[in-house]
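Ligands are counted one by one from 1 in listed order, and the atoms in each one are counted from 1 as well. Below, all heavy atoms of this structure are taken into account, side chains as well, without hydrogens, waters or symmetry copies.
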Amino acid sequence: MTSNLINIKDKIESAAKKSGRHEKDVTLVAVSKVHVADTILPVLEAGQKIFGENRVQEAAEKWPTLREQFDGVELHLIGPLQTNKVRQAIQLFDVIETVDRPKLARTLARIFEEENKRCDVYVQVNTGLEDQKAGIAPEDADNFIKLCKDELGLNVTGVMCIPPFDEDATEHFKLLKSIADRNNIKIISMGMSGDFEQAIAHGATHVRVGTAVFGKRPGY
Ligand SMILES: *Cc1c(COP(=O)(O)O)cnc(C)c1O
């Protein structure tokens with residue numbers, strides 16, 4: 001696991017340099033979903049701090065204990081968030097990467113206020129306009145980002161996308177980058193195990209890598 005981590009970090013560094021950027025401009029979010037604490041521990045011990053999980057309940061079972069053992073962990077929610085899980089989610093996560101609809105944005109704003117606790121949020125864009133996939137439609141992204149920032153006061157620091165699995169991701173990466181640039185958003189979360197180098201070439205600042213760090217997910 002530790003050798004995978006080192007290998008991925010090397011690849012991130014080379015990809016960043018190749019596109020004229022610094023390795024520090026690209027952050028690895030290690031996607032630990034489905035993996036048990038024993039699998040995550042060596043990666044924490046190797047110094048990785050930023051992790052992604054896709055289910056609130058699973059994160060609640062694993063991360064409070066891991067956080068007690070390691071300082072400075074930053075946990076990202078990368079899966080869909082139901083409004084009835086928002087209160088629990090904001091206690092567990094530092095960044096919610098999947099803000100994708102007005103109802104969720106409004107609920108987050110209200111509960112941040114009630115709990116007096118805030119997370120950074122990324123707006124998820126459904127770049128492939130896939131029915132089964134979450135995310136705001138690209139044509140609605142500008143207005144939605146304005147709603148989140150200006151009307152609701154959310155701290156929108158990033159955008160994220162999950163391109164269709166059966167297509168070359170290039171156009172999706174370019175589209176997300178253009179949405180980020182014109183909305184003056186600095187963080188661009190795109191790229192997974194199979195395409196993180198390509199994502200970096202197109203401007204990713206955060207890559208979400210699971211399999212290439214932890215190996216195959218159990219049961220998949
Ligand atoms: C699982 C997941 C990843 C990581 O996928 P790998 O192919 O295992 O690297 C990245 N982003 C999201 C949103 C995921 O759900």
- Query: Can we say R87 and E115 salt-bridge, meaning some charged N sits less than 4.0 Å from an Asp/Glu carboxylate O?
  - Reply: yes

- Query: With a 4.5 Å limit on heavy-atom distance, are the side chains of V209 and S193 in contact?
  - Reply: yes

- Could you see which bit of R217 sits under 4.0 Å from ligand 1, with heavy atoms only: side chain, backbone, both or neither? side chain

- Query: How far is atom 14 (C) of ligand 1 from its nearest protein heavy atom, and which residue and atom name does that atom have?
  - Reply: K33 NZ, 3.0 Å

- Message: Tell me whether the rings of F51 and F214 are parallel (<30°), tilted (30 to 60°) or perpendicular (>60°).
- Response: tilted

- Identity and separation of the nearest protein heavy atom to atom 5 (O) of ligand 1: M192 CE, 3.5 Å

- Which atoms of ligand 1 sit under 4.0 Å from any heavy atom of V209? 9 (O)

- Message: Checking a contact table here: which protein heavy atom is nearest atom 11 (N) of ligand 1, and how many Å away?
- Response: R208 NE, 2.9 Å

- Query: Taking both backbone and side-chain atoms of N54, is any N or O found less than 3.5 Å from an N or O belonging to ligand 1?
  - Reply: no

- Note on the structure: atom 8 (O) of ligand 1 sits nearest the protein heavy atom T211 OG1, 2.5 Å

- Item | Residue part near ligand 1, for I78, under 4.0 Å between non-hydrogen atoms | both

- Identify the closest protein heavy atom to atom 9 (O) of ligand 1: which residue and atom is it, and at what distance? S193 OG, 2.5 Å

- Message: A quick test of your reading: do over 12 heavy atoms of other residues, nucleotides or ligands sit less than 6.0 Å from CD of E113?
- Response: no

- Query: Under 6.0 Å from the CG atom of N184, do we count more than 12 heavy atoms belonging to anything else shown?
  - Reply: no

- Message: Below 4.0 Å from ligand 1: does a non-hydrogen atom of I162 turn up there or not?
- Response: yes

- Return yes if some donor-acceptor pair links the side-chain N/O of R217 with the main-chain N/O of K33 below 3.5 Å, else return no. no

- Pick one: which of Q82, K85, E61 meets side chain to side chain contact (heavy atoms under 4.5 Å, CB included) with V56? K85

